[in-house]
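Each chain gets a letter, A, B and so on, in the order the sequences are listed, and its residues count up from 1.
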There are 4 protein chains.
Amino acid sequence: MPNSKKTAAERPAPERRGELLATAAEVFAAHGYNATTVRRIADEAGILAGSLYYHFDSKESMLDEILSAFLDELWDGYDAVLAARLGPRETLEALVTESFREIDRHRPAVAIYQRESRHLALQPRFAYLADSQRRFEQAWLGTLRRGAAAGVFRADLDVRLAYRFVRDTVWVAASWYRPGGAHSPEEIARQYLSMVLEGIAVRE
Amino acid sequence: MPNSKKTAAERPAPERRGELLATAAEVFAAHGYNATTVRRIADEAGILAGSLYYHFDSKESMLDEILSAFLDELWDGYDAVLAARLGPRETLEALVTESFREIDRHRPAVAIYQRESRHLALQPRFAYLADSQRRFEQAWLGTLRRGAAAGVFRADLDVRLAYRFVRDTVWVAASWYRPGGAHSPEEIARQYLSMVLEGIAVRE
Amino acid sequence: MPNSKKTAAERPAPERRGELLATAAEVFAAHGYNATTVRRIADEAGILAGSLYYHFDSKESMLDEILSAFLDELWDGYDAVLAARLGPRETLEALVTESFREIDRHRPAVAIYQRESRHLALQPRFAYLADSQRRFEQAWLGTLRRGAAAGVFRADLDVRLAYRFVRDTVWVAASWYRPGGAHSPEEIARQYLSMVLEGIAVRE
Amino acid sequence: MPNSKKTAAERPAPERRGELLATAAEVFAAHGYNATTVRRIADEAGILAGSLYYHFDSKESMLDEILSAFLDELWDGYDAVLAARLGPRETLEALVTESFREIDRHRPAVAIYQRESRHLALQPRFAYLADSQRRFEQAWLGTLRRGAAAGVFRADLDVRLAYRFVRDTVWVAASWYRPGGAHSPEEIARQYLSMVLEGIAVRE
DNA sequence: CATGAATGAGGCTTCATTCAT
DNA sequence: AATGAATGAAGCCTCATTCAT
């Protein structure tokens with residue numbers, strides 16, 4: 001029986017923050033950060049706009065918390081993959097699978113990231129987005145280059161074009177993916193990988 | 001070489017609307033429609049904010065004109081391709097190539113479309129976006145299905161997944177493509193098609 | 001004598017809307033709806049222009065509320081008169097007296113109504129003004145016709161002309177009437193009725 | 001053959017001003033001075049807004065010209081009546097008849113005067129409106145007082161109330177009068193006078 | 001924790017007016 | 001006489017944020 005000795009007024013209720021952040025993320029993802037009013041988030045949460053400021057410093061700090069929580073988790077996953085030092089193809093497969101898992105768990109955050117990260121990264125507060133972007137490119141581009149050198153990926157392709165191809169292919173999925181749909185993240189990852197690696201044309 | 005010796009003052013400039021629209025499209029694409037202030041567009045055009053209203057009814061009508069001009073041109077191209085009744089693979093190749101050409105010519109409009117069409121399509125004024133979206137899906141999905149039935153595209157893939165894969169793969173390019181860069185639209189189309197059709201893995 | 005000992009700070013003030021509406025009505029009446037700026041209303045109320053939007057949707061919705069509140073009360077009074085089924089002369093007297101009472105209680109609203117109702121009635125939102133106008137005409141014109149048929153009103157007059165004569169005569173008073181002046185509404189009504197019914201000429 | 005020696009470019013066309021003023025008056029009367037845009041007037045006249053400034057200094061100067069032309073004519077008529085030094089009843093009849101003739105000829109100007117004169121009179125440029133208003137009151141109030149003293153008008157009425165009654169009764173007609181309707185100005189004047197002087201009740 | 005009421009900056013838009021052509 | 005394009009002031013409204021209760 002946790003918190004059994006506290007009165008209602010004393011209880012810290014730290015889950016409330018989490019709920020509110022989830023609500024905010026959902027609305028940001030649906031309408032865009034700029035087009036989302038603080039009042040809309042409050043409505044969705046069943047409180048008044050001003051009351052949000054008891055929990056958060058500002059609208060921007062909500063966005064900040066949403067994005068950094070997502071990126072922290074994403075890098076936990078990616079770092080584990082990279083630390084395993086698999087072959088290029090296996091690394092690629094693991095990164096793609098991990099990415100779809102993140103989309104599954106943080107869909108709103110991913111959608112927000114897609115839409116807003118480019119201009120947010122220019123602000124000092126969100127400099128970590130640019131950092132993340134750089135590490136991201138290193139991980140993927142490096143894997144592709146390693147694969148091309150090792151002869152497992154085609155060497156006739158412009159590697160930057162291939163990088164963008166794979167990256168976009170994976171992340172744009174956040175714009176249509178709905179958790180609990182027909183396909184599990186792993187299933188989607190498998191099909192995407194199959195298309196990316198083998199192509200959609202029938203081989204003669 | 002017409003007009004080559006005329007000064008700015010001599011030109012009749014009935015194309016002022018067009019210039020302003022191009023400016024607006026550039027700013028919308030760079031910062032998003034909502035985050036773009038009418039004043040920013042006017043600054044970029046060297047006039048005052050209010051002066052834009054001599055040429056356009058509203059900020060929204062600028063957006064409308066930008067998007068519908070783009071879609072009109074896009075469908076001119078697509079319809080020509082579809083009317084040619086090529087085989088599925090050739091149709092896919094032609095559609096992809098045509099798409100990259102449109103990205104080349106209407107990059108800002110394409111970027112705006114990517115970012116805003118989903119929620120705009122809900123407004124009656126932009127209902128044509130939803131229409132276009134439907135026709136678009138028919139054209140691509142139909143081609144993919146035809147190809148799978150004809151044995152030129154793999155039949156083991158979820159066709160809707162493949163559709164999203166190809167669609168996103170092509171259009172997201174607008175977010176990083178810069179006209180006049182290293183690759184022509186046709187060159188990019190060729191490489192993308194090669195990846196989409198054959199995959200990036202080396203075949204044993 | 002309720003609330004007689006409470007300070008301003010203690011009052012719950014759920015009637016803030018009402019105060020603001022009264023202020024708005026006063027300014028609309030004095031300068032006309034179009035010529036009244038939202039800032040002027042706010043100044044008069046001691047707040048900033050934007051703050052009005054916490055209480056009201058728009059300038060137009062203030063106007064709407066002012067006019068519909070007035071008409072609701074007016075029809076309460078008129079309906080009571082009409083329901084009494086008095087003779088034509090007594091009905092006319094009661095309608096005139098009731099009208100001057102409404103002018104006394106809703107002078108700003110009446111003045112606004114005079115000035116703006118004609119063009120407002122064209123907008124769907126203010127369609128009730130046209131409805132009211134129709135019922136109004138029925139009530140007065142019917143009474144005049146009944147009286148002419150019954151031989152209590154002169155039958156040699158164009159009844160529509162007489163209707164306009166009586167109607168305008170009464171309502172234009174709102175443009176000069178000031179509550180708390182020399183005459184009570186009932187006193188003014190009595191004199192107006194005397195003029196309307198008997199004329200201003202001395203009878204030989 | 002007037003103007004037969006002038007080329008098209010040289011002709012002064014002074015009637016154009018008059019046409020434009022008539023157009024402006026019509027629009028001012030229909031929608032109110034403030035709510036009327038200069039562009040609306042120009043549209044109605046088939047030219048562009050800026051072109052009006054070739055003919056007039058400002059929107060306000062159009063209003064000025066419309067109102068002062070009307071008042072000049074009105075006072076020509078009133079002064080003739082007053083100079084005739086008729087008896088009070090005959091003076092009243094002549095003033096009322098003259099007023100309806102002015103409404104017939106200057107309906108838009110009268111409607112504008114009704115709606116705008118009160119606040120315009122506060123501006124120096126329109127001080128003549130206040131002057132006119134004072135002379136107007138003198139003429140009518142004096143006639144009524146003369147009549148009451150002479151025993152031709154009832155002496156039991158508040159004379160200021162009677163003044164407002166007669167004044168409003170006459171001028172408000174401009175808000176519904178349409179030239180070329182069923183009644184001539186003289187006919188309307190006769191009926192109004194009959195109501196004002198004898199009342200609408202049947203005499204026992 | 002939350003409300004109710006407000007602030008103040010800034011956004012979109014309108015409009016009378018100007019002026020070179 | 002009229003056009004086309006612009007100015008600049010002002011108007012309505014939105015919204016993130018604050019704060020006393």
Side-chain angles (χ1 to χ4, degrees), chain A residues 8-13 16 20 34-42 45-62, chain B residues 9-10 12-14 16-17 20 34-42 45-62, chain C residues 9-10 12-14 16-17 20 34-42 45-61, chain D residues 8-13 16-17 20 34-42 45-62:
Chain A
E10 291 169 30
R11 241 177 268 145
R16 192 71 223 261
L20 293 172
N34 278 302
T36 296
T37 68
V38 139
R39 193 174 147 219
R40 177 71 186 270
I41 300 171
I47 59 178
L48 290 183
S51 307
L52 280 173
Y53 288 80
Y54 177 83
H55 301 277
F56 304 98
D57 284 345
S58 65
K59 182 183 170 189
E60 200 180 69
S61 79
M62 291 186 231
Chain B
E10 291 173 46
R16 191 69 223 263
R17 275 180 74 85
L20 293 172
N34 279 302
T36 296
T37 69
V38 126
R39 191 171 146 225
R40 178 70 186 272
I41 299 172
I47 58 178
L48 291 181
S51 306
L52 282 173
Y53 290 80
Y54 177 79
H55 301 277
F56 305 98
D57 284 344
S58 65
K59 183 185 171 190
E60 197 180 74
S61 80
M62 292 187 230
Chain C
E10 290 172 45
R16 190 72 222 264
R17 274 180 75 87
L20 294 172
N34 278 301
T36 296
T37 69
V38 127
R39 194 173 143 223
R40 177 70 186 272
I41 300 171
I47 58 177
L48 291 181
S51 306
L52 282 173
Y53 291 81
Y54 177 78
H55 301 278
F56 304 99
D57 284 344
S58 65
K59 183 186 170 189
E60 198 180 72
S61 80
Chain D
E10 290 169 31
R11 243 176 268 146
R16 193 68 222 263
R17 275 182 75 85
L20 293 173
N34 278 301
T36 296
T37 68
V38 136
R39 195 176 145 215
R40 176 71 186 272
I41 300 171
I47 58 177
L48 290 183
S51 307
L52 280 173
Y53 288 80
Y54 177 83
H55 300 278
F56 304 99
D57 285 345
S58 65
K59 183 185 171 189
E60 199 181 67
S61 80
M62 291 187 233

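Within the 4.0 angstrom heavy-atom criterion, only backbone atoms of the sugar-phosphate kind lie near Thr36(D); the bases stay farther away. Using a 4.0 Å heavy-atom cutoff across all strands shown, Ile47(B) reaches sugar-phosphate atoms only and no base atom. Backbone-only contact: Val38(C) has heavy atoms under 4.0 Å from sugar-phosphate atoms and none from a base. At a threshold of 4.0 angstrom between heavy atoms, the contacts of Ser51(C) include nucleobase atoms, whether or not backbone atoms are also involved.
Contact between the side-chain N/O atoms of Tyr53(D) and the OP1/OP2 oxygens of dT17(E) is found at a separation under 4.0 Å. In this model, the phosphate group of dT13(E) is not approached by any side-chain N or O of Arg39(B) to a distance below 4.0 Å at OP1 or OP2. In terms of phosphate contacts, His55(C) brings no side-chain nitrogen or oxygen within less than 4.0 Å of OP1 or OP2 of dG4(E). Between dG11(E) and Arg40(B), no contact under 4.0 Å exists linking OP1 or OP2 to a side-chain N or O.
Between atom CD1 of residue Ile47(B) and atom NE2 of residue His55(B) there is a gap of 5.5 Å, rounded to the nearest 0.5 Å. Here the OH atom belonging to Tyr53(C) is positioned 8.0 Å from the NZ atom belonging to Lys59(C), to the nearest 0.5 angstrom. In this structure, CZ on Arg17(B) lies 11.0 Å from OH on Tyr54(B), to the nearest 0.5 angstrom.
Shortest non-hydrogen contact noted between Leu52(A) and Val38(A) is CD1-O, 3.6 Å. Across all non-hydrogen atoms, the minimal contact from Ala45(C) to Arg16(C) is O-NH2, 3.6 Å. Considering every non-hydrogen atom in both Ser61(A) and Ser58(A), the closest pair reads OG-O, 2.9 Å.
The Lys59(B) side chain lies nearest to dC12(E) when the options are dC13(F), dT18(F), dC12(E). Distance from the side chain of Leu48(D) is smallest for dG4(F) among the nucleotides dC15(F), dG4(F), dC12(E).
Taking atom C1' on both nucleotides, dT21(F) is separated from dC1(E) by 13 Å, rounded to a whole Å.
Between Tyr54(A) and Leu20(C), it is Tyr54(A) whose nearest contact on DNA chain E lies nearer the 5' terminus. Looking at which nucleotide of DNA chain E each of Gly50(D) and Phe56(B) is closest to, the 5′-most match is held by Phe56(B).
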Parsed dot-bracket for DNA chain E after applying the Watson-Crick and G-U rules with both distances under 3.5 Å and | for other-strand partners is .||||||||||||||||||||
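Between Glu60(A) atom CD and dT17(F) atom P the separation is 8 Å, expressed in whole Å. As a whole-Å value, the separation of Arg17(D) CZ from dA1(F) C1' is 14 Å. Note: CD1 (Ile41(D)) to P (dT17(E)) measures 10 Å, nearest angstrom.
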